[in-house]
Amino acid sequence: MRVLISGSSIAGPACAFWLHRAGAEVTVVEKSRRPRPGGHAVDIRGVARQIVEWMGIREAIRARQVDERGWLLVDRRNRPMGRMPADAFGGEGIVAEIEIARGDLAEVLRDATADFTDYRYGDRITELQQDAHGVDVTFASGTKERYDLVIGADGVHSGVRSLAFGPDSDYIRYLGVYSAYFTVTDPGDLDNWYLMYNEPGRVAGLRPERGGTAKAHLAFREPRARYERLTRDEERRVVAERMAGGGWKIPEMLAQMPDAPDFFFDSINQVHVKRWWRGRVALVGDAGYCGSPLAGLGTSMSLVGAYVLAGELAGGADPERAFAAYQDTMADYVAAGLELPPGGARGFAPKSRLLIRVRGLSLSMMTAWPMRNLVAKQFGKAEAITLPDYPELGARAAQRR
């Protein structure tokens with residue numbers, strides 16, 4: 001079975017790992033010319049922890065994960081307004097027990113698959129023509145190849161989804177927020193906490209990293225999706241304009257933004273696809289189901305989805321039957337992962353100072369009865385699936401050894 005995967009971030013390499021276990025010959029194509037370093041922190045929650053144990057990469061993740069004590073909401077003078085420790089709710093709170101930079105997790109996954117996966121950077125799929133037996137793929141480089149299956153693991157703005165399913169507008173739901181991430185010098189007072197500061201309609205955050213740096217996060221409310229397809233300089237200018245005059249550490253963050261090599265800017269969106277496959281083309285991770293960073297389960301759904309997709313294909317069933325079983329198995333878990341926390345974007349970036357104060361108060365109450373029991377249901381969705389045992393993948397047998 002020859003499989004082409006588009007996307008080399010999280011879902012793509014994870015899918016390559018398990019498909020190799022199923023006996024497939026796997027190629028991963030990535031439009032970026034080289035792996036993307038850094039990125040914002042992602043978390044591994046619930047049953048996804050079991051997945052990385054089965055893959056044998058838990059220790060590699062542990063060596064790179066962020067040492068983070070928890071999430072701390074502060075005011076303009078950096079005084080605490082509310083906090084949630086990383087060990088709250090069994091390590092499944094706002095900040096999870098396992099936090100790692102997206103680029104670092106992607107590198108761990110690529111290292112685990114490099115010996116048996118053909119990674120091709122600086123290319124992308126431009127055309128898909130499929131029949132009952134395979135898919136003819138045309139690449140931007142001009143080459144053409146035939147594969148048994150094609151998997152889109154290329155994120156919210158998936159090129160595979162656009163080619164095989166239809167335009168982004170059919171599947172992407174804008175949530176009313178734009179967000180930027182980039183690396184800055186550690187200000188020295190984070191004390192291993194993720195600090196977040198709110199102004200009406202705006203958010204700033206600083207997350208500790210290793211090596212004397214921190215990850216800056218700037219976000220703002222915007223009712224319309226109006227900042228799409230900008231150049232990198234235009235994106236920086238938008239962020240500078242929309243965050244101008246901000247308090248706390250915002251001026252220092254903006255001053256370092258022009259020189260940050262890893263600047264990333266995008267709208268915050270959800271992805272809803274009713275059926276995750278078309279013929280011999282399937283979607284996994286954010287390309288098919290994305291709850292947005294506000295929902296907080298994207299990385300875990302990518303890891304679990306890659307395992308289940310490969311497991312269903314490993315049984316030797318007709319691909320469309322395997323894809324259908326993959327979606328049936330994942331359906332409830334994904335539905336829970338797409339649920340936004342109470343308030344959604346309004347709760348993330350309140351538009352009044354009164355609501356910001358209420359947010360700080362509610363954060364302090366989350367770990368106390370009776371609110372604790374209500375909040376626990378939100379964080380418990382990371383466990384909303386029983387992982388199937390696919391003998392062909394040897395996951396449990398490897399763990400027993």
Side-chain angles (χ1 to χ4, degrees), residues 5 7-24 26 28 39 41-68 86-93 95-117 151 153 210 284-286 289 296-315 326 329-330 332-334 336-337 376 379-401:
I5 300 173
S8 71
S9 184
I10 307 300
C15 212
F17 179 95
W18 293 114
L19 284 171
H20 171 72
R21 287 276 187 92
V26 184
V28 175
V42 297
D43 43 46
I44 300 172
R45 298 173 177 268
V47 296
R49 298 182 187 182
Q50 186 64 71
I51 297 291
V52 299
E53 292 283 357
W54 288 344
M55 296 176 78
I57 60 174
R58 180 64 186 96
E59 288 307 312
I61 291 173
R62 194 187 309 277
R64 294 167 177 254
Q65 72 183 67
V66 178
D67 181 15
E68 197 164 297
D87 59 1
F89 301 98
E92 301 287 0
V95 169
E97 183 181 13
I98 305 177
E99 296 269 346
I100 182 173
R102 172 176 287 275
D104 287 346
L105 177 57
E107 185 174 357
V108 168
L109 289 165
R110 287 193 301 271
D111 288 347
T113 56
D115 290 343
F116 49 78
T117 303
I151 296 174
R210 302 185 313 274
V284 65
D286 286 354
Y289 37 88
L297 206 59
T299 299
S300 297
M301 288 197 296
S302 292
L303 292 168
V304 175
Y307 170 75
V308 174
L309 174 57
E312 296 297 340
L313 288 168
Y326 151 62
T329 302
M330 292 283 293
D332 291 343
Y333 176 63
V334 167
F379 295 132
K381 63 187 181 182
E383 300 280 355
I385 185 174
T386 299
L387 295 175
D389 183 9
Y390 299 111
E392 297 86 354
L393 301 187
R396 297 177 193 266
Q399 185 183 36
R400 287 193 292 270
R401 288 196 298 270

Student: State, to 0.1 Å, how close A384 and A336 come at their nearest heavy-atom pair, and which atoms those are.
Tutor: CB-CB, 4.3 Å

Student: Any donor and acceptor pair, going by atom type alone, linking the side chain of T117 with main-chain N or O of A114 inside 3.5 Å?
Tutor: no

Student: If you measure from CD on E99 to CG on D43, what distance do you get to the nearest 0.5 Å?
Tutor: 4.5 Å

Student: Please examine the side chains of W54 and Y307, heavy atoms only from C-beta on, and report whether any two atoms are closer than 4.5 Å.
Tutor: yes

Student: Walk me through whether I100 and V66 qualify under side chain to side chain contact (heavy atoms under 4.5 Å, CB included).
Tutor: CA-CA 5 Å; I100 182 173; V66 178; 5.6 Å; no

Student: To the nearest 0.5 Å, what is the distance between CD on E107 and CD1 on I61?
Tutor: 12.0 Å

Student: Between I51 and W18, is any pair of side-chain heavy atoms under 4.5 Å apart?
Tutor: yes

Student: Over all heavy atoms of both residues, which pair between G7 and V28 is shortest? Give the atoms and the distance, please.
Tutor: O-CG1, 3.4 Å

Student: Mind checking what makes ring-ring contact (aromatic ring centres under 6.0 Å, His included) contact with F17, not counting sequence neighbours?
Tutor: none

Student: What are the two closest non-hydrogen atoms of I5 and C15, and how far apart are they?
Tutor: CD1-CB, 3.9 Å

Student: Nearest heavy-atom pair of S302 and V284: which atoms, and what distance?
Tutor: O-CG2, 4.4 Å

Student: Go through the side-chain N and O atoms of R102 and S9 and say whether any donor and acceptor fall under 3.5 Å apart.
Tutor: yes

Student: Looking at CD1 of I44 and CZ of R58, how far apart are the two atoms once the value is rounded to the nearest 0.5 Å?
Tutor: 7.0 Å

Student: So, taking the atom named OG in S300 and the one named CD1 in I385, what distance separates them when rounded to the nearest 0.5 Å?
Tutor: 11.5 Å

Student: So do the side chains of E383 and V47 get within less than 4.5 Å of each other, counting heavy atoms only?
Tutor: yes

Student: Nearest 0.5 angstrom please: E312 CD to T329 OG1, how far?
Tutor: 4.5 Å

Student: Does M330 reach the side chain of L309, with side-chain heavy atoms less than 4.5 Å apart?
Tutor: no

Student: Is it true that atom CG of D332 has more than 12 heavy atoms of other residues, nucleotides or ligands lying nearer than 6.0 Å?
Tutor: no

Student: With sequence neighbours excluded, tell me which residues meet side chain to side chain contact (heavy atoms under 4.5 Å, CB included) with A24.
Tutor: M1, V3, L19, V26

Student: How long is the gap from CG on L297 to CG on L303, to the nearest 0.5 Å?
Tutor: 10.0 Å

Student: Among residues at least two apart in sequence or on other chains, which ones pass salt bridge (Lys or Arg N to Asp or Glu O under 4.0 Å) with R62?
Tutor: E59

Student: If every non-hydrogen atom of T113 is compared with every non-hydrogen atom of P13, which pair is closest and at what distance?
Tutor: CG2-O, 3.5 Å

